[in-house]
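See structure below.
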Amino acid sequence: MQIIETISAMRGWSEAERRQNRLIAFVPTMGFLHEGHLCLVRAARKRGDRVVVSIFVNPTQFSPGEDFAGYPRNFARDHELLANENVDVLFHPAVEEIYPAGGQTHVDVEKLSLPLCGASRPGHFRGVATVVTKLFNIVLPHVAIFGEKDFQQLQIIRQLVRDLSMGVEIVGHPIVREPDGLAMSSRNSYLAPEERLAALCLSQSLCKAERLFRRGETYAPAIVRLVLSEIAKQPLAAVEYVKICDAQTLDELEEINRLAVLALAVRIGRARLIDNKTLRQ
Ligand code: PAJ
């Protein structure tokens with residue numbers, strides 16, 4: 001596995017592979033890898049002749065006061081995990097390489113960035129859309145894999161690729177969970193043991209909600225109420241939002257009469273955790 005740190009070397013490598021007609025599959029990450037990331041890497045391996053993974057903790061998607069400085073990092077471990085997955089290139093640029101001084105251009109996916117996580121993290125999705133655009137321009141992938149855990153992020157990237165005619169195929173990967181149901185996340189490392197237990201209320205309330213939906217409940221506020229009451233039983237958990245939205249537009253739904261997503265964000269200790277479930281009739 002090669003480690004590449006500069007834009008010119010990365011682009012040079014990808015251009016050479018493209019000249020050989022090789023399909024490049026790409027998995028962007030912020031590192032501190034877990035099995036969820038590795039499942040995306042395996043999906044990339046199935047779709048591409050070459051696999052590129054980036055590790056870049058992107059400062060522009062963290063608001064002031066968020067956990068950019070304290071975001072977990074372990075490059076040596078990530079390196080070993082990716083080498084074991086037969087990744088071809090680990091792209092690991094410095095912040096100054098991606099954001100040299102004087103930048104003025106940003107990518108805003110306007111409407112999709114407003115609700116859900118966008119409401120409490122202003123500027124977050126602008127940072128994500130900008131860095132993903134830059135990474136696509138550097139890595140030149142044919143296909144890129146993103147997790148459905150970050151459901152809003154995935155929809156924003158699909159929209160961005162359409163709107164800017166990018167010609168990268170975007171593939172969504174189902175949420176990878178711990179055996180007890182907790183969605184895997186680099187931020188789970190923030191959880192103390194009793195908080196880790198409390199965090200089960202996210203996936204468990206989503207499962208209860210799905211059962212209610214399967215039994216025929218299609219009135220969104222009734223399902224949201226159930227989720228809120230389940231999470232309220234957990235004193236360590238503070239709800240940021242619980243919403244049911246159209247899975248494509250992310251418009252909030254009252255009646256679940258099309259493909260929908262039940263999405264939530266909950267704070268437990270210093271961790272802000274998200275999870276979701278698609279509801280299809
Ligand atoms: P990060 O949180 O490191 O996640 C990288 C990719 O892994 C994202 O596509 C995310 O949805 C996916 N992922 C994380 N946990 C997952 C899980 N439990 N199951 C399935 N997929 C999972 O998301 C980002 O980084 C950044 O915003 C990034 C896109 C790299 C831009 O900076």
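All values below come from the heavy atoms of this structure, side chains included, with hydrogens, waters and symmetry mates left out. In this chain, numbering begins with 1 at the start of the sequence shown. As the structure lists them, so they are numbered: ligands from 1, and atoms in each ligand from 1.
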Note to self: I need the atoms of ligand 1 closer than 4.0 Å to a non-hydrogen atom of Q61, numbered in the order shown.
What the structure shows: 26 (C), 27 (O), 31 (C), 32 (O)
Next item on the list: Taking N276 for its side chain and D150 for its backbone only, find out whether a donor-acceptor pair lies under 3.5 Å.
Entry: no
Next item on the list: Compare all side-chain heavy atoms of R45 with those of E85 and state whether any distance is below 4.5 angstrom.
Entry: no
Next item on the list: Flag the pair D67 / R187 as yes when at least one side-chain heavy-atom distance between them is below 4.5 Å, and no otherwise.
Entry: yes
Note to self: Within the 4.0 Å heavy-atom shell around L40, which atoms of ligand 1 are there?
What the structure shows: 6 (C), 7 (O), 9 (O), 12 (C), 21 (N)
Notebook entry, point to check: Hey, does L90 have a side-chain heavy atom less than 4.5 Å from the side chain of H79?
Noted result: yes
Item checked: Nearest option to atom 4 (O) of ligand 1, as decided by whichever heavy atom of H34, H37, M30 sits closest -> H37
Next item on the list: For the pair H92 and F75, name the ring-plane relationship: parallel under 30°, tilted 30 to 60°, perpendicular over 60°.
Entry: parallel
Next item on the list: Could you tell me whether the side chain of N74 and the main chain of R77 form a donor-acceptor pair under 3.5 Å?
Entry: yes
Notebook entry, point to check: With Q234, which residues qualify under side chain to side chain donor-acceptor pair (under 3.5 Å), at least two apart?
Noted result: none
Next item on the list: Could you list which atoms of ligand 1 come closer than 4.0 Å to a heavy atom of I175?
Entry: 19 (N), 20 (C)
Item checked: Ligand-residue contact atoms, ligand 1 with V131, heavy atoms, under 4.0 Å -> 31 (C), 32 (O)
Check: Does ligand 1 have any atom that is closer than 4.0 Å to a heavy atom of C39?
Finding: no
Checklist line | Close-contact set for ligand 1 against V176 heavy atoms, below 4.0 Å | finding: 17 (C), 18 (N), 19 (N), 20 (C)
Next item on the list: Considering the heavy atoms of D150, write down every atom of ligand 1 situated less than 4.0 Å from one of them.
Entry: 10 (C), 11 (O)
Margin query: Show me which atoms of ligand 1 lie under 4.0 Å from any heavy atom of M184.
Written below: 15 (N), 16 (C), 17 (C), 18 (N)
